[in-house]
Amino acid sequence: MPRPDQQGPVVFELVEGDEPGTAGTDGAGGHGGDGPGDADPGGAPGPRTPRLPRLSRRTWLVAVAAVAAVVLSLAAVDLVRDRLRAELMRTSSVGVASLADPPERLWTMRFDVPAPRAEEGFVDQELVTMGGLLVLPPASTQSFAQDVFTPPTDPVRIGFEDIVAVDPRSGEVAWRVPVDENPVCDPSGYDASVAVDALVCVHGPADAREVLTIAPDGSTRSRAADLADGEQVFPAPDGMLVRVGRVERAGDTATEAVCSLGVCTPSVLEKGRDVRVVAEDAATGAERWTSTVEFVPAESVNCPQVPGEDGETVVDADHVSVYSGAESVTVEGCGVSATLSVQGVRLDLAGPGDAGADDGASGSSVAWVNELGGGMFALATGSVRTFVVDGEGEPVRTLDGWVYAETWSPDAPHDLWFVVDPSDGRGFDAVREDGSVAWTDRNSQGILLVGRDVVVVDRGATVAGLDRDTGEEVWVWDGGDTEGMARYRTVTDGDTVAMVHLPQNGRPGAEVVALDLGTGEEQWDTPVPGSAVAVDGSLVAISRDGLTGLG
């Protein structure tokens, strides 16, 4: 059988050479080509032919070993770089260890109480990450089939019956913490973007609320809320519990108002009670700070309304709600509105000049506070300016336009502010640290990801990648097969951007599409059973039935 590399015949030509010992031989029977034996017939020496030095077998082995060592060293450097990049991605709520290949289903877990199929309702499933675990408090669903004349129905409890922590890689339950009725846990969110060292929950009957503090390992501390008359308690960030209650100024009584068909009498509440806010350590009850939010005249129709006597609707002038962010708490009620940092600073009043001045009979501040992350806050004002302050209320920067917190890849430098001009309503300006405009984009509806080299922007039907230094369009993706779907979430591994698309007609399932960050070339697309979030470098899909681990 012929050899695989067999070629044409090889012909050897025998040439008469020098006698042994003649000058010009190479000592191994071969013609040296550089001695008198190469002279022409006339006896004149011929031209010398260049020769590479003859290397010994040992020398060749050393050279090959050196080349192999270099190749292995480069491979080791790449391996270390990939590992460091993967570890960096695990520190971010948008980071995934690798998106090189479409994710496969690794594990599934059903909820204790899946959402009912017959009812198309909003599933209120909040999420939080603790110590690399995905933590899910009990969820609820509220029907969309409501009208203004029908009292809202009570939410239906779904999801896990307890607070459950799940390992995103294996799908194993790390711990479960039982809770009583009406549990409320904070801080949390809907996209696993909030990471905490302690989760604070308030649960139990209205007259016997309990404060529960949970550590990342599932250990707990519990104590009675000990509510005073008219007082409410709410979980808050940084392991805090917030107490709120109305207090009356000397000689003041709250104005009462009655409403019918959207018209209230009187139309403006001139008098009302202030709100006292007390932040305490959730685990121990030790007080951290106290703040008083003063009442300002408010339009009655903007206040909460409750059924009164004789079928009337009356304004609940004393109702107060507290909403927790990752680094702040917002207090809202009739005639009161304030956002406070975890240090107790009134952020909505922190801007320079009249940034935090009240706007008359509106019951709210001029400044709207938006968390930027890293202890920074954006105060947007009616004058179309943004004041960036820290948690102590100290000014950091003033920008023309409104600044929003964008989705940043963990390997991207934070050297730009993205500022929207609300009077224009189109695109944004990329502003440098010194306040100068680096570049402008007027074609985009929003920013999907700020990457290391590329800013990925949403243009409705298409997605584009812009050079982060110049704003020039690097690539455009045509949207693929995602028409009629909403872009819900964006994740990255530093080289690839993956966009989670959700149906807008209430159907289950979702689609994840991955693009090369440098070229915009579609790498893969795959269906997933629900909205997907990144947890400790892994992807987890959340559906109405349960969880699915992707990897």
Side-chain angles (χ1 to χ4, degrees), residues 119-122 124 140-156 181-182 184 202 205-207 209 227-234 242-277 291-324 329-340 346 348-349 356-369 380-382:
E119 179 184 10
E120 288 190 0
F122 169 69
D124 187 14
S140 62
T141 182
Q142 181 70 52
S143 173
F144 289 135
Q146 297 287 334
D147 55 56
V148 295
F149 303 105
T150 304
T153 59
D154 292 332
V156 178
E181 60 184 275
N182 300 321
V184 179
V202 178
D207 59 348
R209 300 290 274 173
L227 294 174
D229 186 29
E231 188 179 50
Q232 301 178 79
V233 289
F234 297 87
V242 170
R243 297 180 181 270
V244 295
R246 293 277 182 169
V247 294
E248 193 170 322
R249 290 184 241 177
D252 275 354
T253 57
T255 306
E256 295 183 354
V258 178
C259 303
S260 176
L261 299 177
V263 178
C264 299
T265 305
S267 60
V268 175
L269 296 181
E270 297 290 348
K271 294 182 179 180
R273 299 178 178 89
D274 301 339
V275 173
R276 184 170 181 261
V277 184
S291 180
T292 298
V293 183
E294 295 186 355
F295 176 90
V296 298
E299 294 182 4
S300 303
V301 71
N302 293 331
C303 295
Q305 300 174 21
V306 296
E309 297 179 358
D310 301 326
E312 295 178 328
T313 299
V314 298
V315 169
D316 185 359
D318 285 343
H319 180 79
V320 180
S321 297
V322 173
Y323 308 96
S324 290
V329 293
T330 298
V331 180
E332 295 282 358
C334 189
V336 293
S337 178
T339 300
L340 301 99
R346 279 287 299 272
D348 55 306
L349 302 178
D358 293 327
D359 65 348
S362 68
S364 62
S365 303
V366 173
W368 297 271
V369 180
T381 71

Practice item. Enter the distance from Ser260:OG to Glu312:CD here, rounded to the nearest 0.5 Å. Key: 9.0 Å
Review point. OG/Ser291 to CG/Leu340 distance, rounded to the nearest 0.5 angstrom?
Key: 5.0 Å
Review point. Between Thr330 and Thr339, does any side-chain donor sit less than 3.5 Å from a side-chain acceptor?
Key: yes
Practice item. For a side chain to side chain contact (heavy atoms under 4.5 Å, CB included) with Cys264, tell me which candidate from Thr313, Val314, Val301 qualifies. Key: Val301
Give me the atom names and distance for the closest heavy-atom approach of [X] to [Y].
X      : Y      : result
Ser324 : Val329 : OG-CG1, 3.8 Å
Leu227 : Ala206 : CD1-O, 4.0 Å
His319 : Arg246 : O-NH2, 3.5 Å
Val315 : Cys259 : CG2-SG, 3.7 Å
Leu269 : Cys303 : CD1-SG, 4.0 Å
Val202 : Phe234 : CG2-C, 4.4 Å

[X] vs [Y] side-chain heavy atoms within contact, under 4.5 Å:
X      : Y      : value
Glu332 : Pro304 : no
Val336 : Asp274 : no
Thr265 : Val258 : no

Review point. For Arg209, does the CZ atom have more than 12 heavy-atom neighbours from other residues, nucleotides or ligands under 6.0 Å away?
Key: yes
